[in-house]
Amino acid sequence: MRELIRDALIVNGDGLTEPFAGDVLIEDDRIVRLGAVPLTDAQTADHVLEAEGRALAPGFVDMHNHGALGGTRVGAQGMPLSCEMALLGGVTKRICGVDGLSPAPVAEAQRSEYAAQLKPLDGAVDGEWCWSSVAEFFAWHQGRSVTDMGLYLGHSAVRRVVMSNLARVATDSEVEAMAAVVRREAPWTLGLSTGLVYNPAVYSDQREITALVRAFNEVKPGALFPHLRSESDMILESLREVLEAAVDGGGGYGNEHSKIAGRRNYEKIGALEGMLADAASSVPTIENMYPYTAGSTTGDAIFPPEIRAGTRAEFVARLRDRSVRGALFQRMRGDTTGWDNFVDFCGGLEGIQIAGVKEGVGDAFLGKRLGDVARARGAADLESRAAFDAVFDFYTDNEAEIGIITHYGNDLTVERFFRRPTMAICTDGLMPGPGQKPHPRSIGAFPKALRLAREMGIPMQEIVYRMATMPCRFLRLPDPVLREGADASLVLIDWDRVREMNDYFNPLVPPQGIDAVWVHGLRVLDHGAFLPPHPFGGRLLISQASRQ
């Protein structure tokens with residue numbers, strides 16, 4: 001099968017070459033001609049697409065995605081949900097297993113409990129989990145994605161295998177047991193992720209993180225990709241912890257979903273950038289971000305770590321306990337250093353929007369704020385014990401199956417991060433489903449980044465490099481730069497009109513200006529219409545094992 005893309009503005013993805021006019025001829029999954037396509041070759045095309053001067057670029061890489069589980073569910077358009085959202089933004093490669101929460105490894109006895117923890121972030125699969133190792137998960141996942149997908153190895157997943165959800169620092173023997181798990185699973189993965197606000201990685205220390213980074217790098221080169229222990233009041237201390245672990249462990253460093261939370265912390269960006277520059281002088285570094293002033297995560301993240309220890313049932317039982325609630329209320333009102341206090345750095349209950357509930361229980365509050373929950377239950381004073389009790393009741397009614405959007409940031413900080421030449425883009429996209437109204441970044445992050453680049457005067461070749469090529473080179477994946485013989489995973493962009501069209505209240509409205517997407521030579525999106533391939537041909541992304 002041959003397809004000719006005629007009259008395109010070719011943005012080859014190397015970050016240096018000026019966009020140039022030309023044609024592209026695809027044969028099966030490869031580019032066979034680029035630029036001036038001889039008439040004799042052009043006449044062999046089975047299909048011709050008129051680009052009419054629009055930009056043709058390598059498909060984008062979402063460096064932080066939550067679609068490996070619930071995102072495999074096929075939607076009304078005949079595509080897996082995670083792939084629908086990815087393709088609307090021009091994404092052809094998704095990196096999952098983020099925040100330390102990879103779907104594997106997992107002990108057989110913990111499958112249901114771990115699945116419950118991941119459900120608010122990653123959604124749920126049909127049926128029970130049937131895998132324990134990463135290789136077994138990949139075997140299950142094969143054929144369930146249109147886009148390519150790779151995994152980071154999750155710190156919390158590894159820790160659960162050895163220590164379940166115990167709320168304490170690991171012993172030396174437990175750290176070594178975790179290191180053995182890392183060495184066993186590293187060949188299948190792209191690096192080590194951790195989420196130091198999530199159970200059970202939240203209970204680890206720097207010594208443990210360093211040991212696991214080192215274990216990964218004993219197998220092959222791999223960076224540390226952390227969700228920091230604090231992205232607010234203790235952000236600089238938290239950044240230092242993971243930078244030292246990355247350098248001491250012998251790998252690179254990836255600054256995940258770069259942000260600063262809470263207005264009193266915005267001025268720390270200069271110090272943060274200085275620390276990243278120092279690290280870059282020692283190890284390879286990269287950053288990514290979603291270009292929004294709000295984030296999204298599991299609802300249990302608003303509570304101190306000790307409340308979340310053990311099983312989900314134990315956590316919910318603590319929230320029902322009146323004596324626990326009193327102490328919890330005091331900590332959530334005043335402690336900004338013991339853990340990353342989402343309620344505080346979002347400016348109170350009004351700063352937290354409800355993005356997910358237990359279907360049939362909390363649906364009326366989707367898209368509303370925790371403050372609305374309190375007022376609906378008669379608590380007008382949002383700083384009162386009654387307001388917090390109303391929120392605790394809402395959580396227990398929903399069995400803690402809550403997803404949240406956290407409004408913590410400001411536009412100036414987002415813009416400063418966005419202008420950094422080492423900044424890639426991600427969606428951090430949570431999967432929509434019954435009882436969910438996700439963050440608009442799931443669909444809008446990449447189109448919004450293109451719009452911002454256009455409006456800020458960032459050259460097209462630079463933003464395409466940052467969205468497509470820079471992540472592949474950092475992750476040691478095949479180079480996607482457009483050339484003859486390269487993989488034909490492509491995106492066609494109307495540069496003058498590309499933009500996000502959704503918002504926090506209507507998050508699933510498609511963008512404009514992402515006009516066509518190809519994955520391995522198959523056109524799978526054409527002016528908003530999905531063209532589901534059969535079978536789904538997404539490939540696994542596994543980094544090179546040898547050092548260059």
Side-chain angles (χ1 to χ4, degrees), residues 8-21 51 53-65 86-95 147 254-259 273 276 285-293 411-429 440-475 477 479-483 486 489-501 511-518 525:
L9 182 66
I10 297 169
V11 189
N12 73 357
D14 68 5
L16 301 173
T17 303
E18 289 282 340
F20 59 94
R54 288 167 291 178
L56 185 71
F60 303 142
V61 182
D62 183 353
M63 288 197 72
H64 191 108
N65 181 271
L87 295 170
L88 286 170
V91 169
T92 60
K93 296 177 177 65
R94 297 178 294 115
I95 313 301
T147 62
N255 205 60
E256 292 283 80
H257 43 49
S258 305
K259 67 174 79 73
E273 290 181 318
L276 291 174
T285 63
I286 197 171
E287 303 136 51
N288 62 61
M289 69 180 294
Y290 46 85
Y292 292 84
T293 58
D411 289 323
L412 289 177
T413 304
V414 169
E415 179 177 333
R416 182 158 166 178
F417 274 126
F418 185 76
R419 288 187 181 278
R420 289 176 60 81
T422 49
M423 187 66 69
I425 303 299
C426 72
T427 64
D428 201 355
R441 66 192 183 186
S442 298
I443 290 175
F446 282 80
K448 183 175 182 179
L450 290 167
R451 174 180 66 80
L452 290 175
R454 182 180 71 235
E455 293 174 353
M456 293 179 186
I458 295 172
M460 195 189 319
Q461 63 265 30
E462 177 186 330
I463 194 64
V464 166
Y465 170 77
R466 286 164 49 187
M467 296 167 76
T469 306
M470 186 171 69
C472 288
R473 290 179 177 175
F474 188 82
L475 294 171
L477 297 172
D479 197 300
V481 169
L482 303 188
R483 57 172 67 92
S489 292
L490 310 168
V491 56
L492 186 68
I493 306 159
D494 188 335
W495 176 253
D496 293 329
R497 62 188 292 271
V498 64
R499 62 170 297 122
E500 79 287 8
M501 300 297 289
Q512 68 179 23
I514 303 292
D515 288 345
V517 181
W518 293 257
L525 181 73

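FYI, side chains are in, hydrogens and waters are out, and symmetry mates aren't considered; it's all heavy atoms of this structure.
- Atoms CZ and CG, from Phe60 and Leu87 in turn, are 12.0 Å apart once rounded to the nearest 0.5 Å.
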- side chain to side chain contact (heavy atoms under 4.5 Å, CB included) between Leu56 and Trp518, worked out: CA-CA 11 Å; Leu56 185 71; Trp518 293 257; 3.9 Å; yes

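- Put simply, CG on Leu525 and CD1 on Ile514 are 9.0 Å apart, with the number rounded to the nearest 0.5 Å.
- The distance from atom CD of Glu415 to atom CE of Met456, rounded to the nearest 0.5 Å, is 4.0 Å.
- Between Asn12 and Pro58, the shortest heavy-atom contact is O-CG, 3.6 Å.
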Show me the donor-acceptor pairs, under 3.5 Å and distance only, between side chains in residues 88-95 and residues at least two apart or in other chains.
residue: Arg94; atom: NE; partner: Thr147; partner atom: OG1; Å: 2.8
residue: Arg94; atom: NH1; partner: Asn65; partner atom: OD1; Å: 3.2
residue: Arg94; atom: NH2; partner: Ser145; partner atom: OG; Å: 3.0

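- At a threshold of 4.5 Å between non-hydrogen side-chain atoms, the residues Arg420 and Glu273 count as touching.
- A donor-acceptor pair is defined here as one N or O able to donate and one able to accept, closer than 3.5 Å; no such pair exists between the side chain of Arg54 and the backbone of Asp494.
- Using modelled atom types, one side-chain atom of Ser258 and one backbone atom of Asn288 make a donor-acceptor pair closer than 3.5 Å.
- Side-chain contact between Tyr292 and Lys259 is absent, with no heavy-atom pair separated by less than 4.5 Å.
- Contact check for Gln461 versus Glu18: side-chain heavy atoms found under the 4.5 Å cut-off.
- Residues that satisfy the ring pair (Phe, Tyr, Trp, His ring centres under 6.0 Å) test with Tyr465, not counting sequence neighbours, are absent from this structure.
- Of all non-hydrogen atoms in Pro421 and Glu462, the two that sit nearest each other are CA-OE2, 4.3 Å.
- Closest approach of Val61 and Cys472 over heavy atoms only: CG2-SG, 3.8 Å.
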- Please report the C-alpha distance between Phe20 and Ile10 in whole Å, then the side-chain angles of each, then the deciding distance to 0.1 Å, and finally whether the side chain to side chain contact (heavy atoms under 4.5 Å, CB included) criterion is met. CA-CA 5 Å; Phe20 59 94; Ile10 297 169; 3.7 Å; yes

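- Taking all atoms of both residues into account, the shortest heavy-atom contact from Leu9 to Ala21 is CD1-N, 4.2 Å.
- Between Ile458 and Phe418, the closest side-chain pair of non-hydrogen atoms falls below 4.5 Å.
- Of all the heavy atoms in Cys426 and Asp62, the pair that sits closest is CA-OD1, 3.3 Å.
- At least one donor-acceptor pair under 3.5 Å links the side chain of Arg454 to the backbone N or O of Val498.
- Between Asn255 and Thr285, the closest side-chain pair of non-hydrogen atoms is not below 4.5 Å.
- Glu500 pairs with exactly one of Lys448, Gln512, Arg451 by the side-chain hydrogen bond (donor to acceptor under 3.5 Å, both in side chains) rule, that one being Arg451.
- Of all the heavy atoms in Thr469 and Gly13, the pair that sits closest is OG1-O, 2.6 Å.
- For the atom pair CE of Met289 and OG1 of Thr427, the computed distance is 13.0 Å after rounding to the nearest 0.5 Å.
- To the nearest 0.5 Å, atoms CD1 (Ile286) and CE (Met63) are separated by 4.5 Å.
- The side chain to side chain contact (heavy atoms under 4.5 Å, CB included) test with Met423 is passed by exactly one of Met467, Arg466, Met470: Arg466.
- Taking CG from Leu450 and CD from Glu455, the interatomic distance works out to 11.0 Å, rounded to the nearest 0.5 Å.
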- Message: I'd like to know whether Asp14 forms a side chain to side chain contact (heavy atoms under 4.5 Å, CB included) with Arg483, so could you lay out the CA-CA distance, the side-chain angles of the two residues, the decisive distance to 0.1 Å, and finally the verdict.
- Response: CA-CA 10 Å; Asp14 68 5; Arg483 57 172 67 92; over 6 Å; no

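- Side-chain atoms of Ser489 do not come within 3.5 Å of backbone N or O of Gly59 as any donor-acceptor pair.
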- Task: Evaluate the criterion side chain to side chain contact (heavy atoms under 4.5 Å, CB included) for residue pair Val464 and Val491; output intermediate values, then yes/no.
- Result: CA-CA 10 Å; Val464 166; Val491 56; over 6 Å; no

